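Before any comments, here is the structure.
In this text, all values refer to a predicted model and were calculated from it rather than measured experimentally.
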Amino acid sequence: SGGQTVPLERASTDQHAPEWSPDGHWIAYARFVSRKWEIAKSAAGGGGDPVHLADGGGPLSQLEWSPKGDVLCFSEGDRSYALPASGGTPRLLASQASTFAFQRDGASILVIRRAPAASGWEMASVRLKDGTAGTPVALHVPADSTLSGARLFPDGKRLVLTVTQSKRDIWIVDGWNLSAWQRLFGA
């Protein structure tokens, strides 16, 4: 038989997008409380009071801790934000963003977004410290698709993501030319 289940907290009317902190001590998530969305974290054992981190404008499509656990990045609608793990004001990192993945060093995220004039998709590295975006690189997937769930492989040199058209497929982005890879990853 399975283990015991325990609610993380009971004060909010809706909770989603749970994400473990890298050290395993916290769970960050979106919650609806007092007629508004917010981002909070709770102790991993549950039962304690949630810690309010920031107000949100709506449900999140993605929430992730940085590898060091000092920053949370999240997507709300088509915008990606960075938030100190201790709380504060979220800082806009990218607009027209579909999904993102933390780079291994935790100092930047790889943002996947619509290319200008909706001609397809592109990726760009965005520094968390100041929001500076690197030179975008074209991503060769169908222009009419929707992209989500981006994750870098442990080697940091390939990307896996969900490509949705009439059905969902998982694609591996590989086979970069060296100059494009250097622009994105500084490798």
Side-chain angles (χ1 to χ4, degrees), residues 2-34 36-95 97-113 123-129 131 146-156 158-164 168 170-171 173:
Q4 181 180 0
T5 58
V6 180
L8 183 63
E9 54 109 331
R10 298 177 190 271
S12 61
T13 58
D14 189 1
Q15 306 154 18
H16 71 278
E19 181 74 19
W20 288 99
S21 63
D23 65 8
H25 293 134
W26 296 98
I27 299 171
Y29 57 102
R31 65 194 293 253
F32 192 75
V33 64
S34 301
K36 65 179 173 124
W37 285 101
E38 70 177 25
I39 299 169
K41 65 181 179 181
S42 288
D49 290 334
V51 176
H52 171 86
L53 298 176
D55 291 331
L60 306 182
S61 58
Q62 187 174 359
L63 174 68
E64 289 188 35
W65 292 85
S66 66
K68 296 177 185 175
D70 58 338
V71 175
L72 284 159
C73 282
F74 63 95
S75 292
E76 193 175 79
D78 69 349
R79 298 176 185 271
S80 293
Y81 297 87
L83 170 69
S86 59
T89 302
R91 187 169 31 83
L92 179 66
L93 292 177
S95 296
S98 178
T99 186
F100 65 85
F102 269 98
Q103 296 200 37
R104 291 187 319 158
D105 65 2
S108 57
I109 60 172
L110 181 63
V111 173
I112 298 173
R113 62 187 178 204
M123 297 184 292
S125 182
V126 178
R127 289 193 315 208
L128 296 179
K129 181 178 178 181
T146 302
L147 306 182
S148 62
R151 298 288 186 270
L152 280 174
F153 281 169
D155 67 6
R158 292 178 287 166
L159 183 78
V160 64
L161 52 83
T162 301
V163 177
T164 305
R168 287 181 284 221
I170 296 175
W171 287 36
V173 180

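Using a 4.5 Å cut-off on side-chain heavy atoms (C-beta onward), Leu128 and Cys73 make contact. With a 4.5 Å cut-off on side-chain heavy atoms, Val160 and Val173 do not count as touching. Using a 4.5 Å heavy-atom threshold, the side chains of Tyr81 and Leu72 count as separate. Considering only heavy atoms from C-beta on, Pro50 comes within 4.5 Å of Arg31 through its side chain. Side-chain contact check for Val111 versus Met123: every heavy-atom pair is 4.5 Å or farther apart. Looking only at side-chain heavy atoms (C-beta outward), Ile39 and Leu60 come within less than 4.5 Å of each other.
Heavy atoms from other residues, nucleotides or ligands lying under 6.0 Å from NZ of Lys36 number more than 12.
One distance of note links CD1 of Ile112 with OG of Ser98; it measures 7.5 Å at 0.5 Å rounding. Here the straight-line distance linking atom CH2 of Trp26 with atom CH2 of Trp20 works out to 12.5 Å at 0.5 Å rounding. The CZ atom of Arg113 sits 13.5 Å away from atom OG1 of Thr99, with the distance rounded to the nearest 0.5 Å. We find the CZ-OG distance between Phe100 and Ser61 to be 8.0 Å, quoted to the nearest 0.5 Å. Going from atom CG of Leu147 over to atom CH2 of Trp171 covers 9.0 Å, rounded to the nearest 0.5 Å. Interatomic distance, Phe74 CZ to Leu83 CG, rounded to the nearest 0.5 Å: 6.0 Å.
Contact between Ala40 and Leu53 at its shortest, heavy atoms only, is C-CD1, 3.9 Å. Closest non-hydrogen pair, Ala150 versus Leu161, comes out as CA-CB, 3.9 Å. Here the closest non-hydrogen pair linking Ala44 and Gly24 is CB-O, 3.3 Å. Of all non-hydrogen atoms in Leu159 and Ala101, the two that sit nearest each other are CD1-CB, 4.2 Å. Nearest heavy atoms, Val71 versus Ala82: CG1-CB, 4.2 Å. Between Asp23 and Ser21, the shortest heavy-atom contact is OD1-OG, 2.6 Å.
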Worked verdict on Leu152 versus Arg158 for side-chain contact (heavy atoms from CB on, under 4.5 Å): CA-CA 6 Å; Leu152 280 174; Arg158 292 178 287 166; over 6 Å; no
Side chain to side chain donor-acceptor pair (under 3.5 Å) between Ser108 and Arg127, intermediate numbers included: CA-CA 4 Å; Ser108 57; Arg127 289 193 315 208; over 6 Å; no
Residues Arg151, Glu64; criterion side-chain contact (heavy atoms from CB on, under 4.5 Å); working and verdict: CA-CA 11 Å; Arg151 298 288 186 270; Glu64 289 188 35; 2.8 Å; yes
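Looking only at distances, a side-chain donor or acceptor of Lys41 sits under 3.5 Å from a matching main-chain atom of Ala85. At distances below 3.5 Å, at least one donor-acceptor pair connects side-chain atoms of Glu9 with backbone N or O atoms of Ser12. In this structure a side-chain-to-backbone donor-acceptor pair under 3.5 Å is missing from Trp65 to Asp70. The backbone N or O of Gly69 sits less than 3.5 Å from a side-chain atom of Ser66, completing a donor-acceptor pair.
Judged purely by distance below 3.5 Å, without hydrogens or angles, the side chains of Gln103 and Ser125 pair a donor atom with an acceptor atom. There is no side-chain donor-acceptor pair under 3.5 Å between Glu38 and Tyr29. Under the 3.5 Å distance criterion, with hydrogens and angles disregarded, no donor-acceptor pair is assigned to the side chains of Thr162 and Arg168. Side chain to side chain, Ser80 and Ser75 meet the donor-acceptor criterion of an N or O pair below 3.5 Å.
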